[in-house]
Amino acid sequence: MGKGRRIFEKVVTGVLFSSSTITSLTVILIVVFLFKEGISLFNSTPTEKNYVIAVSKVNTVPVITSNQLADIFNQDITNWKQLGGRNDSIIRLTVNDLASIFTEEELGPNLEFLPVKVNEYVKATPGVILYLSKSQLPSNFEGRVIPVKKITVKDFIGGKHWYPTTEPIPQFGIWPMIVGTLMVTLGAILFALPFGMATAIIMSEVADIRLRNILKPVVELLAGIPSVVYGFFGLVVLVPLIQQLFKLDVGETVLAGSIVLGIMALPTIVTVAEDSLRTTPRALKEASLALGASQWQTLVRVVIPYSKSGISTAIILGIGRAIGETMAVLMVTGNSSNIPTSFLQPTRTIPATIAAELGETPYGGLHFSALFALAIILFMFTIIINLTVEVIKNRNRRF
Amino acid sequence: MNTKQLKQRIAFSIFGTMSFIVVAILVIILGFIVIRGMSAISWEFLTEMPKDGMTKGGIFPAIVGTGCLVLGSMVFAFPIGVLSGIYINEYLTESWLKKFLRMMTNNLAGVPSIVFGLFGMALFVNYLSFGDSIIAGSMTLGLLALPVVIRLTEEALKTVDDNLRLGSYALGATKIQTIQKVVIPIAFPNIMTGLILSIGRVSGETAPILFTVAAYFLPRLPHSLSDQVMALPYHLYVLATSGTNMEESRPMAYGTALVLVSIVLIINVSASLLRRRIQKKVKMN
């Protein structure tokens with residue numbers, strides 16, 4: 001072999017190898033970029049940059065968490081006693097409120113007397129909590145700037161309120177979305193599993209070649225329909241139907257999302273389950289039939305136990321398909337940020353929230369980071385699902 | 001008839017009914033879209049710009065936009081996918097590297113499309129400052145299609161009989177010559193099927209293009225790779241949920257859905273016809 005030839009082979013191998021690393025590289029880059037944008041949520045306080053929270057000097061509450069702050073501004077907490085402070089009812093103020101308390105003359109035409117008035121007001125009102133920008137803070141401030149605790153992962157995951165654009169204190173609690181996502185996914189699997197398994201069993205055990213030639217393309221076509229088309233169909237057919245059937249105010253519900261997602265998860269479940277049912281060795285089946293078992297008994301006692309791991313893979317992949325689906329759910333579940341308590345209530349899922357909100361979110365803000373943090377949660381869900389499938393596959397190979 | 005057979009008959013007829021329902025679901029969805037969409041389809045609908053707050057006119061820019069995105073994503077994903085499929089299947093023996101690469105490919109395939117959208121926005125639109133553009137959207141869609149192309153290429157290569165490879169080596173051919181002259185020509189039609197299937201997948205995706213390229217309303221054709229475009233799936237989403245006049249734009253939405261579904265289904269059907277033809281040929285040989 002000539003030297004040129006050898007170099008050529010080396011180069012080609014190099015090119016092939018580098019191409020094969022692109023997928024791994026992409027996965028790594030996805031992780032890096034999601035964390036790069038998302039992690040800054042947990043290094044920030046929910047107040048905007050350059051804004052501070054001022055209280056009176058007599059106030060004894062040492063620090064305040066973001067959720068407490070939001071509760072104060074939502075009037076769920078009304079007395080400092082509830083936060084372990086003095087018995088003073090809380091008086092919430094923003095700078096705009098000051099403008100209505102004092103006259104224009106008192107504040108000066110360019111607000112030059114504002115700091116003085118801030119001092120006066122904070123001194124006179126022990127229960128005050130004032131949200132203002134650093135520049136509006138008097139240089140000889142006679143109150144206290146209360147430190148705000150940073151948003152924690154626990155606040156984020158366990159928080160029950162998602163008000164990302166509320167002024168002055170936005171709230172980033174994703175618990176309602178986690179519940180919504182899990183409920184919609186659960187409903188989808190409850191729908192897709194029986195129908196998917198039934199179809200898989202018919203295709204692998206019962207159908208003759210002609211029936212199979214109908215069912216297989218049907219499943220392939222179902223897999224091929226774009227998710228936005230499913231969403232559109234759900235919106236114009238399913239949603240009004242559910243609304244009429246259950247006499248609801250709105251038909252956009254968890255149930256609508258579950259059915260649409262269930263249909264979308266069907267092809268995955270059918271294909272994977274059928275493949276695994278087919279791997280049952282012929283000898284096992286025939287032995288069972290030879291012992292006098294019916295085809296049904298063989299199926300229940302031999303084929304299904306043999307392909308158990310394949311069937312679990314089918315279910316898990318179906319869940320994976322449902323959990324990350326965006327457009328269809330976005331169109332049929334109503335996008336309510338309340339925690340759903342039944343299948344007939346509207347909800348919103350993690351992917352739907354990202355799709356609905358990212359377009360109108362300014363780059364680099366807290367809301368922007370929060371959406372990337374949501375994507376991290378979603379990404380983790382899918383990685384767990386993939387690894388579970390991987391584990392099942394490997395365990396199966398050992399036997 | 002004894003109880004054993006009765007049980008079997010009942011069970012199988014329930015399952016049969018259930019799979020019939022699955023068929024019915026497909027028929028209902030397709031039938032609904034075809035029947036409602038037909039009346040909106042006309043030559044003008046396919047070749048004109050949208051007009052009057054998207055209640056009149058056509059969807060031409062969206063069709064062209066989707067065409068651009070499909071082409072762009074395949075220019076990127078197809079060569080890389082095929083090359084990496086060749087590497088994984090032809091060069092690697094059952095080793096940790098092969099397992100690792102397969103696992104990463106599966107992981108990438110499992111990433112939700114909205115996450116691709118976010119990633120594309122963070123990397124291509126913002127970090128590499130491509131802006132909302134065909135190039136950013138195509139790259140994002142290309143990454144999404146990559147695992148599909150790789151997997152289908154691997155499957156295509158696996159159908160090539162090992163004896164042919166050995167025969168080629170026995171004649172003194174090198175590995176690359178074997179791949180070039182023996183393996184790829186045989187696997188070629190199957191690889192093409194893979195290409196067609198990934199085009200079908202890419203053309204219907206909405207979430208990855210939301211923040212990387214898709215324009216809400218842009219009644220002109222793109223001039224360069226850094227232009228935004230309208231795209232069929234996103235256009236359908238817009239018409240269905242946020243048009244200025246939803247009632248009047250409904251017929252347009254049905255028409256768009258029909259065009260989108262037709263494109264995707266024609267692609268899928270031609271792929272499976274091609275595959276069936278190949279299988280027949282293989283059997284005849």
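So you know, we letter chains A, B, ... as the sequences are listed, proteins then strands, and number each from 1.
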Part of B:F211 lying under 4.5 Å from any heavy atom of chain A: side chain
Kindly state whether the ring of A:F232 and the ring of B:Y237 have centres lying under 6.0 angstrom apart. no
Given heavy-atom pairs under 4.5 angstrom as the criterion, report whether the side chain, backbone, both or neither of A:L266 touches chain B. side chain
A:F195 side chain near B:F15 side chain, heavy-atom distance below 4.5 Å: no
A:E9 and B:T174 side chains, donor-acceptor separation under 3.5 Å: yes
Contact origin within A:L358 toward chain B - heavy atom pairs under 4.5 Å: both
Are A:V229 and B:L236 close enough that some pair of their side-chain heavy atoms sits under 4.5 Å apart? yes
For residues B:N268 and A:E220, determine if any side-chain heavy atom of one lies less than 4.5 Å from a side-chain heavy atom of the other. no
Check B:S113 against A:T326 and note the closest heavy-atom contact, atom names and distance. OG-OG1, 4.2 Å
Go through the atoms of A:E390 and report whether side chain, backbone, both or neither lie under 4.5 Å from a heavy atom of chain B. side chain
So do the side chains of B:M18 and A:T199 get within less than 4.5 Å of each other, counting heavy atoms only? no
Tell me, for B:I21 versus chain A, whether the close heavy atoms (under 4.5 Å) come from the side chain, the backbone, both or neither. side chain
Whatever's closer than 4.5 Å to a heavy atom in chain B on A:S18 counts as neither
Quick one: CG on A:L221 to CG on B:L30, what's the gap to the nearest 0.5 Å? 7.0 Å
Please look at A:F17 and chain B and tell me whether the side chain, the backbone, both or neither of the residue comes under 4.5 angstrom of a heavy atom of that chain. both
Over 12 foreign heavy atoms within 6.0 Å of NZ, B:K4: yes
Of all of A:S294, A:A375, A:G324, which one pairs up most often with chain B through heavy atoms under 4.5 Å apart? A:S294
Does the side chain of A:S24 come within less than 4.5 Å of B:L101's, by heavy atoms? yes
Between A:L330 and chain B, which part of the residue has a heavy atom less than 4.5 Å away: side chain, backbone, both or neither? side chain
Under 4.5 Å heavy-atom distance to chain A, tell me which part of B:I86 shows up: side chain, backbone, both or neither. side chain
If I measure from the heavy atoms of chain A, does B:L97 come under 4.5 Å with its side chain, its backbone, both, or neither? side chain
Engaged part of A:L222 at the chain B interface, taking heavy atoms whose separation is under 4.5 Å: both
Tell me, do A:M327 and B:L210 make a side-chain contact under 4.5 Å, heavy atoms counted? yes
Contact origin within B:V264 toward chain A - heavy atom pairs under 4.5 Å: side chain
I'd like to know which of A:K36, A:M331, A:E37 tops the heavy-atom pair count under 4.5 Å against chain B. A:M331
Proximity breakdown for B:I80 and chain A, heavy-atom pairs closer than 4.5 Å: both
Is the count of non-hydrogen atoms from other residues, nucleotides or ligands lying under 6.0 Å from A:Y363 atom OH greater than 12? yes
With a 4.5 angstrom heavy-atom cut-off, is it the side chain or the backbone of A:V237 that approaches chain B, or both, or neither? side chain
Chain A heavy atoms under 4.5 Å from B:L197: which part of the residue, side chain, backbone, both or neither? neither
Heavy-atom closest pair (A:S20 atom, B:I88 atom, distance to 0.1 Å) is CB-CG1, 4.5 Å
Just by modelled atom types, is the A:Q295 backbone N or O under 3.5 Å from a matching donor or acceptor in the B:Q8 side chain? yes
Which answer fits A:I30, side chain, backbone, both or neither, if we ask what part of it has an atom under 4.5 Å from a heavy atom of chain B? both
Relative to chain B, which of A:T13, A:V15, A:I385, A:I376 shows the most heavy atom pairs under 4.5 Å? A:T13
For B:I176 against A:F8, the heavy-atom pair lying closest together: CG2-CE2, 4.1 Å
What part of B:F100 gets closer than 4.5 Å to chain A, counting heavy atoms only: side chain, backbone, both or neither? side chain
Side chains of B:P112 and A:T382, heavy atoms from C-beta outward: is any pair under 4.5 Å? yes
More than 12 heavy atoms of other residues, nucleotides or ligands under 6.0 Å from OH of B:Y169: yes or no? yes
How about A:V228 and B:Y234: do any of their side-chain heavy atoms sit closer than 4.5 Å? no
Using non-hydrogen atoms only, which part of A:L29 is less than 4.5 Å away from chain B: side chain, backbone, both, or neither? both
For B:N106 and A:N386, work out which heavy atoms get closest and say how close. O-ND2, 3.8 Å
